[in-house]
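One structure is given below, encoded as structure tokens.
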Amino acid sequence: MSRKKVIVISGANGEVGHGLIKALSAKPDALPIVVLDLRGLDEHMKPLVDSTIVGDILDQNLLDNLTSEYEIDTIYHLAALLSTHSEFRPEAAHRVNVQGTINMLQVAIEQARWRAKPVKFIFPSSVAVYGMPNLAIKHTIPPVHEDQYTNPITMYGCNKLYCEHLGRYYNSYYRQLAAKPDENGVDFRCVRFPGIISATTMPSGGTSDFAPEMIHAAAKGEPYACFVRPDTTIPFMVMPDAIRALLELADAPREVLSRHVYNVAGFSLSAEQIAQRVMHAFPSAQITYDPTPGRQNIVDSWPRDMNDGIARADWGWMPEYDIDRAFNEYLVPTITAQYADTSE
Ligand code: SER
């Protein structure tokens with residue numbers, strides 16, 4: 001009996017999930033998509049996927065059923081608790097972010113054995129894996145490479161960094177002492193994202209959220225009190241580039257990949273520079289600053305910018321949106337149209 005060959009997306013109802021489902025389902029050679037999310041999938045997304053499983057990646061029965069029902073070609077493992085949420089429930093975050101990832105890696109290993117072919121495992125990591133020792137260093141060093149300053153100060157950052165290592169381990173060393181190690185296993189590929197800004201959705205529980213919150217509030221005509229200082233600077237990327245990074249890394253031939261974890265970056269901006277762009281687009285925006293010490297400290301620990309030279313060299317990564325294009329051609333027009341639509 002042959003099982004249906006599919007792509008699995010965990011955490012599919014988050015904002016990266018929505019963007020990814022739209023992009024994957026539009027590909028001419030797209031495999032059917034099976035999504036997994038605690039909250040199910042929003043109604044308007046359902047026509048784009050083959051089936052929706054409502055459930056928890058910590059539920060072993062659910063994962064066993066997934067393994068027996070489908071031949072899984074690629075897993076996009078997006079399910080995670082973001083950085084601010086994770087600080088409020090660190091142990092729960094560890095279960096979801098780490099145990100959840102191990103569970104999905106095991107699904108991949110099991111599938112690879114059955115089909116005698118590797119299973120691609122695409123994993124989004126984060127700028128949160130970094131931990132800058134202080135603001136002076138943050139502001140003076142050049143964009144950070146993958147292996148510099150990886151001393152995260154958040155549970156989420158620790159979880160993502162460890163999962164990067166787990167992916168490398170499952171890819172290359174799993175059952176390394178077995179008499180006959182498996183020939184096929186997990187083909188683990190990971191991008192470290194900067195803060196992501198979407199024009200159509202909002203993040204939930206992140207610490208880079210001040211950027212999307214500021215832009216969306218202005219478009220809705222609502223005042224916004226920014227929870228970090230005006231000079232606070234981290235790298236960002238717009239959602240279309242983030243989705244493209246996942247798809248291009250997934251499609252890259254294995255032989256061109258010199259590592260498992262790649263930085264990708266878009267542009268680096270301070271909160272004040274974002275506010276200026278927002279004021280320019282929405283002149284009646286009311287933006288004030290009311291820094292929250294805890295969240296400020298987290299964003300201060302993230303680098304000003306990330307060096308994505310290795311991704312560019314290995315698999316041809318290149319962001320399409322610089323700051324001007326991001327605001328003028330994507331964020332401002334799309335957000336304006338979106339709220340005009342919803343007010344009708
Ligand atoms: N945007 C994420 C967060 O703020 C960082 O990966 O948690």
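Remember, it's 1-based here, ligands and their atoms both numbered in the order they're listed.
- The two atoms that bring Ala265 and Pro319 nearest to each other are O-CG, 3.5 Å, heavy atoms only.
- Between the side chains of Tyr224 and Glu213, a donor-acceptor pair is found at a separation under 3.5 Å.
- Of the protein's non-hydrogen atoms, Ser208 OG, 3.9 Å is the one closest to atom 2 (C) of ligand 1.
- For the pair Val16 and Ile243, the tightest heavy-atom approach, listed with the atom from each and the gap, is O-CD1, 3.6 Å.
- Scanning all heavy atoms of the two residues, the minimum distance from Gly55 to Leu62 falls at CA-CD1, 3.5 Å.
- Within the 4.0 Å heavy-atom shell around ligand 1 one finds Trp302.
- Neither the backbone nor the side chain of Ala128 comes within 4.0 Å of ligand 1, counting heavy atoms alone.
- Scanning the protein for heavy atoms near atom 5 (C) of ligand 1, the closest one is Ser126 OG, 3.3 Å.
- Checked by distance only, ligand 1 and Thr207 come closer than 3.5 Å through their nitrogen or oxygen atoms.
- Closest protein heavy atom to atom 7 (O) of ligand 1: Ser83 OG, 2.5 Å.
- Contact annotation: for Phe210 versus ligand 1, there are no heavy atoms closer than 4.0 Å.
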Please list, one pair per line, the donor and acceptor atoms closer than 3.5 Å that link side chains of residues 47-54 to other protein atoms, with sequence neighbours excluded.
unit_1 : atom_1 : unit_2 : atom_2 : d
Asp50  : OD1    : Lys4   : NZ     : 3.1
Asp50  : OD2    : Lys4   : NZ     : 3.0
Ser51  : OG     : Tyr70  : OH     : 3.1

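- Taking a cut-off of under 4.0 Å to the non-hydrogen atoms of Tyr156, the atoms of ligand 1 that pass are 5 (C), 6 (O), 7 (O).
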Distance-only criterion, 3.5 Å: show the donor-acceptor pairs between side-chain atoms of residues 148-156 and protein atoms not counting sequence neighbours.
unit_1 : atom_1 : unit_2 : atom_2 : d
Gln148 : OE1    : His145 : N      : 2.7
Thr154 : OG1    : Gly157 : N      : 2.8

